[in-house]
Novice: 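Provided herewith is a single structure, encoded as structure tokens, for subsequent inquiry.
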Amino acid sequence: MKSFLNKSPHAAALALSAALVSTSALTLAPSAAFAVPPGGYADLVEAVSPAVVFIEVTTKAQDANVTLPQNMPDALRKQFEEMLPGRDGAPMPRQGLGSGFIISNDGQIVTNHHVVEGAEEVTVKLADGRSFVAIVVGSDPMTDIAVLKIEADVDLPFVKFGTSETLRVGDEVVAVGNPFGLGGTVTSGIISALSRDIHAGPFDDFIQTDAAINRGNSGGPLFNNNGDVIGVNTAIISPGGGSVGIGFAVPSDLVQMVVADLADDGLIARGWLGVNIRPMTEEVANVLGYDTPKGAVIEAVAEDSPAATAGLKKGDIILSFNDAEITELRDLTRAVATTKPDATAKIVVLRKGTEQTLDVIIGALKPKAA
């Protein structure tokens, strides 16, 4: 999972940290709704837990960088060097932990991108003790979602996705995962807020929950009372490194889109417009007669970009993209990114006080170098 003070999953604070819980299901996903009984969530947890997995990752070796005191006696120095991993300057492989969940009986697994980023080997452990070496089918840093695959001789337990569109603040949720390596840990809470922007990227639209999420829960599922996955736990706000009741999950509707794309060929095809944008200021909004700022103001247009070809100019204010109103900058970045390359999009801009509609053929966003 990620934390918000340090990009490293081992750091505390406000960085995206590797915590979270995951759950699993039986060979057949639960079909009956699980109203929370007075006795608690035991029936729901029993149904979904078999499909929640514990993920161990070995990443590329790193230099040990251990410096012993200059004046240490030779005999003592030799003793310490023999005890230290990566002695004699040999690189040390790093280990990481996370959670995930099986979504098909043939072994397709969802987790976080940051859990498996840079992995040389990924091991998946099931609740029943079975262990499998997994391959990374595809991984998307922009949404922090990754798809793994394991091979088994029998059908595997799995859980199914529910929709995140109908979620309401106050709905009860359950998280099951492996915080700090404690497999099968269950926590519960409510949805504290929806559509949270934590400035992690263009797809910020997180579910906020007070269900306890800690390091090692990253990539695990967040369940509704029907036993459906409605989010993938991804980040926490943690000044001290542990849960303070503010966790974030990627909404299931977005996860399903990414998983379907990754499962196809391991790649994500995203659109590219070729503009730098900034928010409208309060002053400009007042001049234009808007109650609040809206739209995305173009600061620069890249040469030979789809935007340049379509005639977009510096100073244009993009008000809508394919009939979707642009209220915040993330509305535009998300709309462009989810548009297939070579598709034609209608963009409404405000130019010198007059609205104009332009047709833009969306380009392909080049993947960033690893």
Side-chain angles (χ1 to χ4, degrees), residues 1 19-56 97-112 115 123-132 134 148 150 152-164 166-167 170-191 207 209-214 216-234 243 247 249-250 252 255-256 259:
M1 166 155 271
L20 217 32
V21 281
S22 58
T23 56
S24 54
L26 302 176
T27 302
L28 295 178
S31 56
F34 291 100
V36 181
Y41 294 96
D43 290 341
L44 185 155
V45 172
E46 184 177 356
V48 300
S49 290
V52 177
V53 299
F54 181 23
I55 298 175
E56 292 182 333
L97 304 176
S99 301
F101 54 100
I102 306 171
I103 60 171
S104 66
N105 60 9
D106 64 350
Q108 194 176 61
I109 295 170
V110 175
T111 187
N112 279 146
V115 169
T123 301
V124 169
K125 294 183 178 181
L126 274 61
D128 61 12
R130 285 179 291 172
S131 181
F132 302 88
L148 313 180
I150 59 176
D153 296 332
V154 297
D155 286 350
L156 294 168
F158 66 94
V159 287
K160 63 186 180 69
F161 285 108
T163 181
S164 53
T166 56
L167 296 177
D171 283 347
E172 293 174 311
V173 290
V174 174
V176 184
N178 303 285
F180 304 106
L182 299 172
T185 297
V186 180
T187 57
S188 66
I190 62 171
I191 293 176
I207 300 166
T209 178
D210 66 352
I213 293 171
N214 287 284
N217 284 126
S218 286
L222 189 67
F223 291 96
N224 62 16
N225 288 345
N226 295 330
D228 301 328
V229 178
I230 49 85
V232 176
N233 299 312
T234 296
S243 174
V250 183
S252 59
V255 175
Q256 291 181 80
V259 167

Novice: Tell me the closest heavy-atom pair linking S252 and T163, and the distance in Å.
Specialist: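 Taking S252 first and T163 second, the nearest heavy atoms are OG-C, 3.6 Å.
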Novice: Of all heavy-atom pairs between V115 and G98, which one has the smallest distance, and what is that distance?
Specialist: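 The pair with the smallest heavy-atom distance is CG1-CA, 4.0 Å.
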Novice: Taking all atoms of both residues into account, what is the closest heavy-atom pair of G189 and D210, and its distance?
Specialist: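 Taking G189 first and D210 second, the nearest heavy atoms are CA-OD1, 3.2 Å.
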Novice: Looking only at non-hydrogen atoms, find the nearest pair between L156 and G107 and report the distance.
Specialist: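 Minimum heavy-atom separation between L156 and G107: CD1-CA, 3.5 Å.
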Novice: Side chain to side chain contact (heavy atoms under 4.5 Å, CB included) for V110 and V232? Distances and angles first, verdict last.
Specialist: CA-CA 8 Å; V110 175; V232 176; 4.2 Å; yes
Novice: For side chain to side chain contact (heavy atoms under 4.5 Å, CB included), just list the numbers for I55 and L148, CA-CA rounded to whole Å, side-chain angles, deciding distance to a tenth of an Å, and then say yes or no.
Specialist: CA-CA 10 Å; I55 298 175; L148 313 180; 3.9 Å; yes
Novice: If you compare all heavy atoms of S164 against all heavy atoms of I230, which two are closest, and at what distance to 0.1 Å?
Specialist: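 S164 and I230 have their closest heavy atoms at CB-O, 3.8 Å.
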Novice: Can you tell me how far apart NZ (K160) and CD1 (I103) are? Round to the nearest 0.5 Å.
Specialist: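 K160 atom NZ to I103 atom CD1 measures 13.0 Å (nearest 0.5 Å).
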Novice: Nearest 0.5 Å, please: how far is CD1 in I191 from CG in N224?
Specialist: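 Here the interatomic distance stands at 8.5 Å.
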Novice: Is any side-chain heavy atom of V53 closer than 4.5 Å to a side-chain heavy atom of L126?
Specialist: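 Yes - at least one pair of side-chain heavy atoms lies under 4.5 Å apart.
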Novice: Which pair of heavy atoms, one from P157 and one from R130, lies closest together, and at what distance?
Specialist: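 Heavy-atom minimum between the residues: CD-NH2, 4.2 Å.
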Novice: So does N178 get a backbone contact from the side chain of S99, meaning a donor-acceptor N/O pair under 3.5 Å?
Specialist: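 Yes; at least one donor-acceptor contact below 3.5 Å.
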Novice: One pair to check against side chain to side chain contact (heavy atoms under 4.5 Å, CB included): V173 and L167. What are the steps and the verdict?
Specialist: CA-CA 10 Å; V173 290; L167 296 177; over 6 Å; no
Novice: Please report the C-alpha distance between F101 and V229 in whole Å, then the side-chain angles of each, then the deciding distance to 0.1 Å, and finally whether the side chain to side chain contact (heavy atoms under 4.5 Å, CB included) criterion is met.
Specialist: CA-CA 9 Å; F101 54 100; V229 178; 3.9 Å; yes
Novice: So Y41 and N225, do their side chains get closer than 4.5 Å, heavy atoms only?
Specialist: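 Yes; the side chains approach each other to less than 4.5 Å.
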Novice: Would you say the side chain of I150 lies within less than 4.5 Å of the side chain of I109, judging by non-hydrogen atoms?
Specialist: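 Sidechains of I150 and I109: in contact.
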